[in-house]
Amino acid sequence: MLELALTHRSFAYESGGLPTNERLEFLGDSVLGLVITEELYLRFPEMAESKLSPLRSSVVNTKALADLARTLDLGAYLRIGKGEETTGGRDKNSMLADSFEALIGAIYLEHGLVDTKRKLLEWFTPVLDDAIAHGGGIDTKSALQELSAALGKSAPEYEITQSGPDHNKSFTAQAVISGEKFPIGTGKSKREAEQTAARLALAQLRSH
(Lines give C-alpha, C1' and ligand atoms only; values in the text may rest on other atoms or scores of the structure.)
Protein backbone atom coordinates (compact mmCIF):
# COMPACT_ATOMS: atom_id res chain seq x y z
CA MET A 1 0.00 0.00 0.00
CA LEU A 2 2.85 2.39 0.86
CA GLU A 3 4.62 1.58 -2.39
CA LEU A 4 1.44 2.31 -4.32
CA ALA A 5 1.01 5.64 -2.49
CA LEU A 6 4.48 6.67 -3.66
CA THR A 7 4.08 5.60 -7.31
CA HIS A 8 3.64 8.59 -9.61
CA ARG A 9 2.04 8.11 -13.00
CA SER A 10 5.31 9.00 -14.75
CA PHE A 11 6.99 5.96 -13.19
CA ALA A 12 3.97 3.75 -13.85
CA TYR A 13 3.94 4.76 -17.54
CA GLU A 14 7.65 4.08 -18.00
CA SER A 15 7.28 0.74 -16.24
CA GLY A 16 4.62 -0.60 -18.56
CA GLY A 17 1.40 0.59 -17.01
CA LEU A 18 1.69 -0.11 -13.27
CA PRO A 19 -1.07 1.12 -10.94
CA THR A 20 -0.55 4.73 -9.83
CA ASN A 21 -1.22 6.61 -6.61
CA GLU A 22 -4.03 8.68 -8.12
CA ARG A 23 -6.91 6.68 -6.63
CA LEU A 24 -5.31 6.87 -3.19
CA GLU A 25 -4.80 10.60 -3.72
CA PHE A 26 -8.52 10.96 -4.49
CA LEU A 27 -9.39 9.12 -1.28
CA GLY A 28 -6.84 10.93 0.86
CA ASP A 29 -8.07 14.31 -0.29
CA SER A 30 -11.55 13.52 1.00
CA VAL A 31 -10.31 12.08 4.30
CA LEU A 32 -8.13 15.12 4.92
CA GLY A 33 -10.98 17.47 4.08
CA LEU A 34 -13.28 15.70 6.53
CA VAL A 35 -10.79 15.70 9.40
CA ILE A 36 -9.78 19.35 9.04
CA THR A 37 -13.38 20.50 8.51
CA GLU A 38 -14.51 18.67 11.65
CA GLU A 39 -11.60 20.12 13.65
CA LEU A 40 -12.48 23.66 12.59
CA TYR A 41 -16.19 23.08 13.21
CA LEU A 42 -15.50 21.90 16.77
CA ARG A 43 -12.76 24.42 17.55
CA PHE A 44 -14.80 27.45 16.45
CA PRO A 45 -18.44 26.75 17.38
CA GLU A 46 -19.53 30.35 16.74
CA MET A 47 -17.64 30.94 13.48
CA ALA A 48 -19.70 31.38 10.31
CA GLU A 49 -19.15 29.20 7.25
CA SER A 50 -17.91 32.24 5.35
CA LYS A 51 -14.93 32.36 7.71
CA LEU A 52 -14.46 28.62 8.16
CA SER A 53 -14.01 28.02 4.42
CA PRO A 54 -11.07 30.39 3.86
CA LEU A 55 -9.43 29.17 7.06
CA ARG A 56 -9.64 25.58 5.82
CA SER A 57 -8.24 26.66 2.45
CA SER A 58 -5.29 28.32 4.17
CA VAL A 59 -4.39 24.95 5.73
CA VAL A 60 -5.41 22.45 3.06
CA ASN A 61 -3.70 23.71 -0.08
CA THR A 62 -0.90 22.60 -2.37
CA LYS A 63 1.84 24.62 -0.67
CA ALA A 64 0.87 23.59 2.86
CA LEU A 65 0.69 19.91 1.89
CA ALA A 66 4.00 20.11 0.04
CA ASP A 67 5.67 21.72 3.05
CA LEU A 68 4.42 18.93 5.29
CA ALA A 69 5.63 16.36 2.77
CA ARG A 70 9.08 17.93 2.95
CA THR A 71 9.16 17.55 6.73
CA LEU A 72 8.73 13.81 6.12
CA ASP A 73 11.35 13.86 3.34
CA LEU A 74 8.63 12.27 1.23
CA GLY A 75 10.25 13.34 -2.04
CA ALA A 76 13.20 11.02 -1.47
CA TYR A 77 10.91 7.99 -1.52
CA LEU A 78 8.75 8.82 -4.55
CA ARG A 79 8.79 6.48 -7.52
CA ILE A 80 8.90 8.89 -10.47
CA GLY A 81 9.84 8.66 -14.13
CA LYS A 82 13.19 9.69 -15.58
CA GLY A 83 11.73 12.85 -17.12
CA GLU A 84 10.38 14.04 -13.77
CA GLU A 85 13.66 13.09 -12.12
CA THR A 86 15.69 15.32 -14.41
CA THR A 87 13.34 18.28 -13.97
CA GLY A 88 13.33 18.24 -10.16
CA GLY A 89 10.05 16.40 -9.75
CA ARG A 90 10.91 15.21 -6.25
CA ASP A 91 10.63 18.76 -4.96
CA LYS A 92 7.67 20.01 -7.02
CA ASN A 93 4.86 21.31 -4.83
CA SER A 94 2.16 19.65 -6.91
CA MET A 95 3.80 16.22 -6.87
CA LEU A 96 4.61 16.36 -3.17
CA ALA A 97 1.09 17.49 -2.28
CA ASP A 98 -0.54 14.79 -4.41
CA SER A 99 1.72 12.10 -2.97
CA PHE A 100 1.03 13.31 0.56
CA GLU A 101 -2.71 12.95 -0.06
CA ALA A 102 -2.08 9.46 -1.46
CA LEU A 103 -0.18 8.60 1.71
CA ILE A 104 -3.18 9.75 3.75
CA GLY A 105 -5.40 7.49 1.67
CA ALA A 106 -3.09 4.55 2.32
CA ILE A 107 -3.00 5.22 6.07
CA TYR A 108 -6.80 5.40 6.11
CA LEU A 109 -7.22 2.06 4.32
CA GLU A 110 -4.65 0.34 6.50
CA HIS A 111 -5.55 1.80 9.90
CA GLY A 112 -9.06 3.30 9.74
CA LEU A 113 -10.42 6.75 10.41
CA VAL A 114 -9.64 7.04 14.15
CA ASP A 115 -5.91 6.42 13.79
CA THR A 116 -5.73 8.47 10.59
CA LYS A 117 -7.43 11.41 12.28
CA ARG A 118 -5.02 11.25 15.21
CA LYS A 119 -2.02 11.30 12.87
CA LEU A 120 -3.43 14.09 10.70
CA LEU A 121 -4.11 16.31 13.71
CA GLU A 122 -0.57 15.65 14.92
CA TRP A 123 0.71 16.90 11.57
CA PHE A 124 -1.76 19.70 10.95
CA THR A 125 -2.43 21.28 14.35
CA PRO A 126 0.80 23.36 14.25
CA VAL A 127 -0.06 24.41 10.68
CA LEU A 128 -3.58 25.37 11.75
CA ASP A 129 -2.36 27.26 14.81
CA ASP A 130 0.09 29.20 12.66
CA ALA A 131 -2.60 30.01 10.08
CA ILE A 132 -4.88 31.35 12.80
CA ALA A 133 -2.07 33.37 14.38
CA HIS A 134 -1.31 35.01 11.02
CA GLY A 135 -4.85 35.64 9.89
CA GLY A 136 -5.22 32.46 7.84
CA GLY A 137 -8.12 33.70 5.77
CA ILE A 138 -10.04 35.03 8.77
CA ASP A 139 -10.07 38.31 10.62
CA THR A 140 -7.36 38.16 13.31
CA LYS A 141 -9.51 40.17 15.72
CA SER A 142 -12.24 37.55 15.35
CA ALA A 143 -9.72 34.77 15.85
CA LEU A 144 -8.42 36.44 19.02
CA GLN A 145 -11.94 36.86 20.33
CA GLU A 146 -12.65 33.17 19.67
CA LEU A 147 -9.48 32.11 21.47
CA SER A 148 -10.11 34.43 24.41
CA ALA A 149 -13.58 32.94 24.87
CA ALA A 150 -12.20 29.40 24.61
CA LEU A 151 -9.68 30.21 27.36
CA GLY A 152 -12.39 31.68 29.60
CA LYS A 153 -11.02 35.20 29.32
CA SER A 154 -12.81 38.49 28.67
CA ALA A 155 -13.33 39.83 25.16
CA PRO A 156 -10.29 41.74 23.85
CA GLU A 157 -10.26 45.52 24.12
CA TYR A 158 -7.85 47.79 22.25
CA GLU A 159 -6.03 50.86 23.52
CA ILE A 160 -5.43 53.14 20.52
CA THR A 161 -3.06 56.07 20.08
CA GLN A 162 -2.39 58.13 16.98
CA SER A 163 0.33 60.54 15.93
CA GLY A 164 1.53 62.54 12.94
CA PRO A 165 -0.13 65.09 10.64
CA ASP A 166 -3.50 64.43 9.01
CA HIS A 167 -1.92 63.45 5.69
CA ASN A 168 0.47 60.94 7.30
CA LYS A 169 -1.06 59.58 10.48
CA SER A 170 0.25 56.49 12.24
CA PHE A 171 -1.60 54.41 14.81
CA THR A 172 -0.65 52.05 17.62
CA ALA A 173 -2.94 49.51 19.24
CA GLN A 174 -2.52 47.28 22.26
CA ALA A 175 -4.82 44.37 23.03
CA VAL A 176 -5.96 44.05 26.63
CA ILE A 177 -7.58 40.76 27.72
CA SER A 178 -8.72 40.16 31.30
CA GLY A 179 -6.39 42.92 32.43
CA GLU A 180 -3.36 41.48 30.62
CA LYS A 181 -1.67 43.75 28.10
CA PHE A 182 -0.09 42.33 24.95
CA PRO A 183 2.56 43.65 22.50
CA ILE A 184 1.81 46.88 20.67
CA GLY A 185 0.89 46.77 16.99
CA THR A 186 1.35 49.64 14.56
CA GLY A 187 -0.27 50.62 11.28
CA LYS A 188 -1.27 53.41 8.93
CA SER A 189 -4.89 53.05 10.02
CA LYS A 190 -6.67 52.18 13.22
CA ARG A 191 -7.87 48.90 11.72
CA GLU A 192 -4.39 47.90 10.56
CA ALA A 193 -2.93 48.61 13.99
CA GLU A 194 -5.68 46.60 15.70
CA GLN A 195 -5.17 43.64 13.34
CA THR A 196 -1.43 43.68 14.03
CA ALA A 197 -2.02 43.88 17.78
CA ALA A 198 -4.50 40.99 17.56
CA ARG A 199 -1.98 38.87 15.64
CA LEU A 200 0.72 39.55 18.26
CA ALA A 201 -1.68 38.70 21.07
CA LEU A 202 -2.70 35.47 19.34
CA ALA A 203 0.91 34.39 18.98
CA GLN A 204 1.65 35.14 22.63
CA LEU A 205 -1.46 33.38 23.94
CA ARG A 206 -0.68 30.28 21.89
CA SER A 207 2.89 30.18 23.20
CA HIS A 208 1.74 30.00 26.84
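Nothing fancy with the numbering, it's 1 onward along the sequence. All figures in this text were calculated on a predicted structure; none of them were measured in a lab.
The backbone N or O of G75 sits less than 3.5 Å from a side-chain atom of R90, completing a donor-acceptor pair. Within the 3.5 Å criterion, the main-chain N or O of F182 finds a donor-acceptor partner in the side chain of Q174. Using modelled atom types, no side-chain atom of Q204 and backbone atom of L200 make a donor-acceptor pair closer than 3.5 Å. The backbone N or O of L18 sits nowhere less than 3.5 Å from a side-chain atom of S15 that would complete a donor-acceptor pair. Panel note: side chain R9, backbone E22; no donor-acceptor pair is recorded below 3.5 Å.
Contact check for K141 versus Q195: side-chain heavy atoms found under the 4.5 Å cut-off. Contact check for L128 versus L121: no side-chain heavy atoms found under the 4.5 Å cut-off. Put simply, the side chain of L4 reaches to within 4.5 Å of the side chain of P19, judged on heavy atoms. Side-chain contact between K153 and L205 is present, with at least one heavy-atom pair separated by less than 4.5 Å. Within the 4.5 Å cutoff, no side-chain heavy atoms of T186 are placed close to those of F171. Side-chain contact between L72 and W123 is present, with heavy atoms from C-beta onward closer than 4.5 Å.
Between E14 and K82 no salt bridge is recorded (no basic side-chain N to carboxylate O distance below 4.0 Å). Ion pairing between a basic and an acidic side chain is recognised when a charged N comes within 4.0 Å of a carboxylate O; K181 and E159 show such pairing. One finds a salt bridge joining E122 and K119 here, because a Lys/Arg side-chain nitrogen approaches an Asp/Glu carboxylate oxygen to under 4.0 Å.
Sorted by first and then second residue, the side chain to side chain donor-acceptor pair (under 3.5 Å) pairs involving residues 60-71 (not counting sequence neighbours) are K63-D67, D67-R70, R70-D91, R70-N93.
Taken from OG in S99 to CG in N21, the straight-line distance is 5.0 Å, to the nearest 0.5 Å.
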Evaluate side chain to side chain contact (heavy atoms under 4.5 Å, CB included) for L2 paired with Y77, printing each intermediate quantity in order. CA-CA 10 Å; L2 178 60; Y77 302 97; over 6 Å; no

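Alongside I184, the hydrophobic cluster contains no other residue (criterion: ILVMFWY side chains under 4.5 Å).
A side-chain donor-acceptor contact under 3.5 Å links S170 and S163.
For CD of E3, the number of neighbouring non-hydrogen atoms (other residues, nucleotides, ligands) closer than 6.0 Å is 12 at most. Summarising the local packing, NZ of K92 is surrounded by more than 12 heavy atoms from other residues, nucleotides or ligands at distances under 6.0 Å.
The ring pair (Phe, Tyr, Trp, His ring centres under 6.0 Å) search around Y108 returns none, not counting sequence neighbours. The side-chain contact (heavy atoms from CB on, under 4.5 Å) check on P165 picks up H167, N168, with sequence neighbours excluded. Legend: residues meeting side chain to side chain donor-acceptor pair (under 3.5 Å) with S10, ordered by chain and number and at least two apart, are H8.
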Run the side-chain donor-acceptor check on residues 24-44: report pairs under 3.5 Å with partners two or more places apart or on a different chain.
| unit_1 | atom_1 | unit_2 | atom_2 | d |
| --- | --- | --- | --- | --- |
| T37 | OG1 | G33 | O | 2.6 |
| T37 | OG1 | R56 | NH1 | 2.8 |
| E38 | OE1 | K117 | NZ | 2.8 |
| R43 | NH1 | D129 | OD1 | 2.8 |
| R43 | NH2 | D129 | OD1 | 3.4 |

